[in-house]
*Asks:* 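Have a look at this one before I ask anything.
So that the names make sense, note that chain A is the first sequence line, chain B the second, and so on, each numbered from 1.
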There are 2 protein chains.
Amino acid sequence: MQTIEKLLESKDIRVTAMRLLIYKFLAEKEIAVTLSDIENAFEKADRTTLYRTIKTFEEKDIVHQIDDGTGITKYALCENGCNCEIETDLHLHFHCNNCNETICLTDHKIPQIKVPDGFVSENVNLVVKGICDKCSR
Amino acid sequence: MQTIEKLLESKDIRVTAMRLLIYKFLAEKEIAVTLSDIENAFEKADRTTLYRTIKTFEEKDIVHQIDDGTGITKYALCENGCNCEIETDLHLHFHCNNCNETICLTDHKIPQIKVPDGFVSENVNLVVKGICDKCSR
DNA sequence: TAATAAGTGCAATGGAAGTGCATTTGTTAT
DNA sequence: ATAACAAATGCACTTCCATTGCACTTATTA
Ligand SMILES: [Mn+2]
Ligand SMILES: [Mn+2]
Ligand SMILES: [Zn+2]
Ligand SMILES: [Zn+2]
């Protein structure tokens with residue numbers, strides 16, 4: 001779509017074939033993906049390119065990184081106007097113990113967390129683990 | 001102390017010199033430790049032994065694992081009667097972006113998190129990042 | 001004391017993240 | 001249009017941490 005190119009340009013990211021493909025791949029995935037997932041989807045491309053593309057997207061706040069506790073970093077597109085710069089993604093993430101998929105619950109914002117005196121909270125990572133909607137029914 | 005031996009026995013863990021030492025090491029640390037931390041504290045012992053000791057402790061719910069987002073697994077003693085079996089540690093963890101230390105905030109329980117219909121929450125991992133009390137003053 | 005099981009040490013493996021450098025592709029200035 | 005330059009890509013390699021196989025030692029128990 002035309003809009004993806006506009007989006008990339010608006011974030012000072014040069015439009016390349018690879019970047020468009022990776023963006024589309026992320027956009028049509030409803031779940032967070034690992035680098036290996038991307039690798040498998042683009043077997044012709046080099047791992048490094050995919051890695052650096054994701055890192056570029058991350059720096060420019062197009063994707064955010066998710067640490068769901070599996071030890072493998074996952075990535076997902078940011079919401080429109082998510083402003084990761086200011087506060088890292090404020091929504092919570094759900095990791096399914098059954099299918100091992102991780103999903104952004106973008107409507108579910110992270111509640112205010114109180115910390116003891118002397119501690120300063122800058123951001124919060126909240127991962128709920130359990131059974132996802134696909135696996136529970 | 002006598003009590004450590006009793007504790008280990010009550011959890012069906014054989015008492016060995018190494019295990020007592022590692023337990024004591026964890027007990028006197030107020031922060032969560034990495035395997036490397038333990039390794040540095042016991043240079044004479046083999047990495048594998050330390051690793052397996054920690055894993056044994058983990059299985060028997062004497063320590064719990066903490067994923068603070070640094071990519072390196074950390075460990076800390078469970079609270080008395082923490083019952084990790086039922087619900088993984090319910091308290092929140094604080095990671096200091098300055099000194100890189102991670103601490104259990106055992107008094108600060110994780111609030112109830114609502115998830116969408118169809119999702120079943122089994123447990124929650126909550127890591128707050130910011131500046132710790134030692135670094136903020 | 002012999003048989004057995006558990007604990008420990010050494011070596012090696014595997015997976016994922018990250019980096020250096022050469023090559024290719026795209027942009028900009030002449 | 002061409003040359004000069006900068007960014008993107010591909011390949012090889014490295015590092016770091018987690019994990020395992022197997023031999024050896026130490027502790028239990030028969
Ligand atoms: Mn997300
Ligand atoms: Mn803890
Ligand atoms: Zn699922
Ligand atoms: Zn600190």
*Asks:* Can you check the A:E5 CD to C:dG26 C1' distance for me, whole Å?
*Replies:*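 Rounding to the nearest Å, CD of A:E5 and C1' of C:dG26 are 15 Å apart.
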
*Asks:* Atom OH of B:Y75 and atom OG1 of B:T102: how far apart are they, to the nearest 0.5 Å?
*Replies:*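 Nearest 0.5 Å value for the OH-OG1 distance: 13.0 Å.
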
*Asks:* Which part of the nucleic acid, if any, lies within contact of B:T73, taking any heavy atom under 4.0 Å across all strands shown: a base, the sugar-phosphate backbone alone, or nothing?
*Replies:*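 Answer is sugar-phosphate: B:T73 comes under 4.0 Å of backbone atoms only.
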
*Asks:* Grab the NZ-P distance between B:K60 and C:dG7 for me, whole Å please.
*Replies:*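 My rounded result for the distance is 9 Å.
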
*Asks:* Apply salt bridge (charged side-chain N to carboxylate O under 4.0 Å, His left out) to the pair A:K129 and B:E122, showing each step before the final yes or no.
*Replies:* CA-CA 6 Å; A:K129 304 190 184 203; B:E122 289 176 347; over 6 Å; no

*Asks:* Rounding to an integer number of Å, can you tell me how far A:D67 CG sits from C:dA17 C1'?
*Replies:*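 So the CG-C1' distance, A:D67 to C:dA17, works out to 14 Å.
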
*Asks:* Would you mind reading off the distance between A:E9 atom CD and C:dT27 atom C1', rounded to a whole angstrom?
*Replies:*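 After rounding, the reported distance stands at 13 Å.
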
*Asks:* Are A:K55 and A:E58 ion-paired here, with the side-chain N under 4.0 Å from a carboxylate O?
*Replies:*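 Yes, charged N to carboxylate O under 4.0 Å.
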
*Asks:* State whether B:T16 places a side-chain N or O below 4.0 Å from either non-bridging phosphate oxygen (OP1 or OP2) of C:dT8.
*Replies:*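 Checking B:T16 against C:dT8: at least one side-chain N or O falls below 4.0 Å of OP1 or OP2.
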
*Asks:* Closest nucleotide of DNA chain D for B:K74 versus for A:R19: which of these residues is on the 5' side?
*Replies:*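 Mapping each residue to its closest nucleotide by heavy atoms, the 5'-most match is A:R19.
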
*Asks:* Ignoring hydrogens and angles, tell me if any N or O in the side chain of B:S136 forms a donor-acceptor pair with the backbone of A:G118 under 3.5 Å.
*Replies:*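 Present.
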
*Asks:* Is the shortest side-chain heavy-atom distance between A:N97 and A:C135 below 4.5 Å?
*Replies:*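 Contact flag for A:N97/A:C135 side chains = no.
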
*Asks:* Measure the distance from CG on B:D12 to C1' on C:dA5 and round it to the nearest whole Å.
*Replies:*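 Result: 15 Å.
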
*Asks:* If you check every side-chain atom of A:R52, which of C:dA16, C:dC21, C:dA17 has the closest atom?
*Replies:*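 My answer, after comparing the listed nucleotides, is C:dC21.
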
*Asks:* Nearest whole angstrom, please: distance from the P of C:dG26 to the CG of A:L20.
*Replies:*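 Rounded to whole Å, this separation is 12 Å.
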
*Asks:* Given atom CG of B:D37 and atom C1' of D:dC16, what is their separation to the nearest angstrom?
*Replies:*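 It works out to 15 Å between those atoms.
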
*Asks:* Look at the side chain of A:R14 and decide which nucleotide, out of D:dT9, D:dA8, D:dA18, has an atom nearest to it.
*Replies:*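 Side chain of A:R14 sits closest to D:dA8.
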
*Asks:* How many angstroms lie between CG in A:L126 and CG in B:N125, if you round to the nearest 0.5 Å?
*Replies:*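 It comes to 8.0 Å.
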
*Asks:* Taking atom types as modelled, find out whether B:D37 and B:T34 have a side-chain donor-acceptor pair closer than 3.5 angstrom.
*Replies:*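 A donor-acceptor contact under 3.5 Å links the two side chains.
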
*Asks:* What's the CD1-C1' distance between B:I72 and D:dT19, to the nearest Å?
*Replies:*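 Distance check: B:I72 CD1 to D:dT19 C1' gives 16 Å.
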
*Asks:* For DNA chain C, find the residues of residues 41-51 of chain A with a heavy-atom distance under 4.0 Å and give them by number; none if there aren't any.
*Replies:*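 The answer is A:R47, A:T48, A:Y51.
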
